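Structure, as structure tokens:
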Amino acid sequence: MLDSRFVRENVQDVREALKKRGYEFPLQEFLAIDEKRMVLLRETEELRNRRNVASEEIGRKKREKADATSELEEMRIVSDRISALDDQLKAVEDETKGLLLTIPNMPHESVPVGKDETDNTEVRRWGEPGKFAFEPLNHWDIAEPLGIIDFERAAKIAGARFALMKGPGARLERALMNFMLDSNTAKGYTEIFPPILVNRESMTGTGQLPKFEAELFRIADPEFYLIPTAEVPVTNIHRDEILKESDLPLYYTAYTPCFRREAGAHGRDTRGLIRQHQFNKVELVKFVKPEDSIDELEKLTGNAEELLQRLGLPYRVVALCSGDIGFSSAKTYDLEVWLPGQNKYREISSCSNFGDFQARRANIRFKRDGKKGTEFVHTLNGSGLAIGRTLVAVLENYQQQDGSIIIPEVLRPYMGTDRIG
RNA sequence: GGAGAGAUGGCCGAGCGGCUGAAGGCGCACGCCUGGAAAGCGUGUGUGGGAUAAAACUCACCGAGAGUUCGAAUCUCUCUCUCUCCGCCA
């Protein structure tokens with residue numbers, strides 16, 4: 001959420017910045033309701049002041065057994081007026097807030113300007129896509145003969161876009177999860193295992209609601225949302241809190257299952273593990289001081305990259321352009337891993353700096369030592385990494401001509417074997 | 001699921017419907033004291049909005065929302081959360 005005062009005082013800049021996203025800021029609407037709000041606010045405050053003064057006077061008179069009927073009469077009218085104005089003010093404030101909640105974040109100045117994913121810029125590459133003496137297979141063509149992923153039975157049990165992992169497949173999923181958590185905690189991230197059902201406030205805090213309800217699974221009674229990413233519960237750990245300066249930066253890492261409707265994705269990645277309604281992910285989340293967030297994004301991205309490096313998986317880093325970054329993000333790098341079976345790079349991690357956008361929604365502040373008042377923290381997060389897609393990358397990059405899979409060195413302690421099949 | 005208790009400032013803990021942004025204590029900060037420390041003494045110590053050059057000033061906030069009243073931390077209702085006991089359960 002943008003700061004209404006900042007928007008009021010910098011309307012044109014805000015408008016320009018959002019235009020880079022292809023978002024047309026509702027200028028007239030905002031200014032109109034904002035003006036209305038200020039007028040109502042001043043009038044009610046003035047009336048309240050009158051009432052406070054008069055009420056004190058009435059109290060004094062009553063104690064002195066003096067007559068106060070004329071004041072009582074007058075205040076009855078003032079109070080009616082106040083409650084009428086209060087109703088209007090409440091309505092206008094709801095309107096303002098409702099509008100602000102649907103406006104996306106402003107891209108950071110370092111974000112390349114562009115329209116869609118074709119304007120994203122590659123920042124760097126690591127590793128060489130391997131040479132195969134045979135035609136490399138898709139991961140489902142590798143996994144099904146090995147009996148380690150069963151899509152058919154998953155469809156019977158749940159439906160399309162679900163998978164069932166079995167034997168070494170299930171073990172590999174767990175190995176990746178443990179490898180990632182162990183690596184992240186060794187880098188100073190505190191391990192979290194949060195609730196995966198959350199309330200509406202949490203979803204609003206990180207920006208999924210109110211705009212993206214259609215992408216979420218919801219339980220009606222009692223109302224809960226299934227998290228689409230650990231970002232939601234972990235960022236909301238500090239909702240409505242005031243942190244101490246010395247608390248920052250805070251680094252968290254969390255494994256959770258993630259649930260997504262994939263409502264607009266009919267026909268995309270219908271086969272295989274790439275796009276599922278339920279998938280596992282290890283997430284990195286940071287709370288930092290405003291002046292540090294740009295550097296912290298580089299460090300966070302580096303931590304995610306290191307996981308791919310240790311797994312020996314070739315990847316590239318892509319800076320998303322202004323038209324392609326997410327709703328809440330000020331700046332995003334995607335990590336794309338090389339998939340020989342598809343002969344292309346596919347997203348495996350998305351690392352974002354949200355600035356104070358989420359912090360303002362979720363009311364996460366900190367107090368500087370020796371300074372008056374509070375400031376919003378900056379929040380960041382990134383996948384470190386999407387486990388299902390990492391498993392796909394391992395299968396496809398480490399496949400052998402005989403149909404077996406070599407297990408990457410760093411996973412062997414977790415797998416108890418160096419080969420599947 | 002049944003029965004009961006509670007929610008006040010960083011923490012503990014008072015609070016007759018008006019003079020309570022909130023006693024008292026702890027903690028914290030600064031100062032005095034000391035060779036240095038402890039103890040002791042003194043002063044200060046919430047958040048958000050409006051106004052302002054900055055203040056003064058002003059409005060709101062005692063779990064959330066609604067109500068009664070000229071006036072609510074204090075009375076009424078609803079909800080949320082926490083705790084205790086019983087039942088059930090992984």
Side-chain angles (χ1 to χ4, degrees), chain A residues 1-10 30-31 33-101 193-205 209 219-225 233 236-248 250 257 290 356 358-377:
Chain A
M1 185 166 68
L2 303 178
D3 177 30
S4 64
R5 194 200 315 206
F6 178 83
V7 173
R8 190 185 312 139
E9 289 166 4
N10 303 277
F30 175 82
L31 291 178
I33 58 177
D34 190 59
E35 170 66 18
K36 201 163 146 199
R37 189 175 72 87
M38 294 304 284
V39 169
L40 284 168
L41 188 68
R42 295 212 176 101
E43 190 179 348
T44 43
E45 285 202 352
E46 200 185 311
L47 284 176
R48 270 184 218 277
N49 180 237
R50 262 181 73 193
R51 184 174 72 181
N52 287 346
V53 171
S55 288
E56 216 167 297
E57 179 68 11
I58 291 167
R60 202 177 51 81
K61 283 200 171 178
K62 287 219 162 171
R63 249 173 288 121
E64 292 166 0
K65 310 278 188 218
D67 179 58
T69 36
S70 69
E71 285 91 339
L72 284 174
E73 201 43 55
E74 194 195 341
M75 283 310 109
R76 215 185 302 274
I77 294 163
V78 170
S79 274
D80 283 351
R81 176 75 183 142
I82 289 175
S83 61
L85 284 171
D86 260 349
D87 290 348
Q88 288 181 50
L89 187 60
K90 179 88 167 50
V92 173
E93 273 173 353
D94 286 351
E95 209 181 332
T96 310
K97 183 108 196 255
L99 178 62
L100 284 171
L101 282 174
F193 190 70
I196 59 179
L197 296 181
V198 301
N199 56 33
R200 165 162 279 278
E201 289 71 32
S202 292
M203 282 295 183
T204 306
L209 291 179
I219 293 169
D221 185 26
E223 185 180 81
F224 285 114
Y225 290 87
N236 277 282
I237 287 174
H238 296 297
R239 172 152 53 85
D240 292 322
E241 291 185 12
I242 299 174
L243 302 165
K244 292 194 296 252
E245 183 175 12
S246 57
D247 292 335
L248 302 174
L250 284 166
D356 63 8
Q358 291 182 326
R360 183 171 289 108
R361 288 175 160 248
N363 194 28
I364 307 168
R365 293 169 293 170
F366 78 105
K367 199 180 180 66
R368 287 192 200 268
D369 298 337
K371 272 204 157 181
K372 261 253 180 262
T374 58
E375 292 174 52
F376 289 110
V377 302

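Reminder, nothing fancy here: chain letters follow the sequence lines and each chain counts from 1. This structure is a prediction, so every number in the text was calculated from the model and none was measured.
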Is there a donor-acceptor contact under 3.5 Å linking the side chains of [X] and [Y]?
{"X": "A:Ser79", "Y": "A:Arg51", "value": "yes"}
{"X": "A:Asn363", "Y": "A:Arg361", "value": "no"}
{"X": "A:Asp86", "Y": "A:Ser83", "value": "no"}

If you look only at distance, which donor and acceptor atoms sit under 3.5 Å apart when one is on a side chain in residues 87-99 of chain A and the other is two or more places apart or in another chain?
from	atom 1	to	atom 2	distance (Å)
A:Lys90	NZ	A:Asp94	OD2	3.3
A:Thr96	OG1	A:Val92	O	2.8

With both distances under 3.5 Å as the test, what is the Watson-Crick or G-U wobble partner of [N]?
{"N": "B:rG67", "value": "B:rC75"}
{"N": "B:rG24", "value": "B:rC12"}
{"N": "B:rU84", "value": "B:rA3"}
{"N": "B:rA90", "value": "none"}
{"N": "B:rC19", "value": "none"}
{"N": "B:rA29", "value": "B:rU43"}

Roughly how far apart, to the nearest Å, are [N] and [M] at atom [atom1]?
{"N": "B:rG65", "M": "B:rG9", "atom1": "P", "value": "15 Å"}
{"N": "B:rA22", "M": "B:rU45", "atom1": "P", "value": "10 Å"}
{"N": "B:rC26", "M": "B:rA39", "atom1": "P", "value": "11 Å"}
{"N": "B:rU20", "M": "B:rA72", "atom1": "C1'", "value": "12 Å"}
{"N": "B:rG15", "M": "B:rA23", "atom1": "P", "value": "14 Å"}
{"N": "B:rC83", "M": "B:rG18", "atom1": "P", "value": "34 Å"}

Review point. Listed in order of residue number, which residues of residues 40-52 of chain A have a non-hydrogen atom at under 4.0 Å from RNA chain B?
Key: A:Leu41, A:Arg42, A:Glu45, A:Arg48, A:Asn49, A:Arg51, A:Asn52

Would you check if the side chain of [X] reaches a backbone N or O of [Y] as a donor-acceptor pair within less than 3.5 Å?
{"X": "A:Asp80", "Y": "A:Ile77", "result": "no"}
{"X": "A:Arg365", "Y": "A:Ile242", "result": "no"}
{"X": "A:Asp356", "Y": "A:Ala359", "result": "no"}

Review point. Crowded around A:Glu46 CD? As in, over 12 foreign heavy atoms under 6.0 Å?
Key: no

Check your understanding: Is the number of heavy atoms from other residues, nucleotides or ligands under 6.0 Å of A:Arg239 CZ greater than 12?
Key -> yes

Check your understanding: Which part of the nucleic acid, if any, lies within reach of A:Arg365 when heavy atoms closer than 4.0 Å are counted: base, sugar-phosphate only, or nothing?
Key -> sugar-phosphate

Practice item. Check every strand shown and say whether A:Lys61 touches a base, only sugar-phosphate, or nothing at a heavy-atom separation below 4.0 Å. Key: nothing

Exercise for review: Walking along RNA chain B from 5' to 3', note the first and the last nucleotide with an atom under 4.0 Å from a heavy atom of chain A, and give both.
Suggested key: B:rG18 to B:rG71

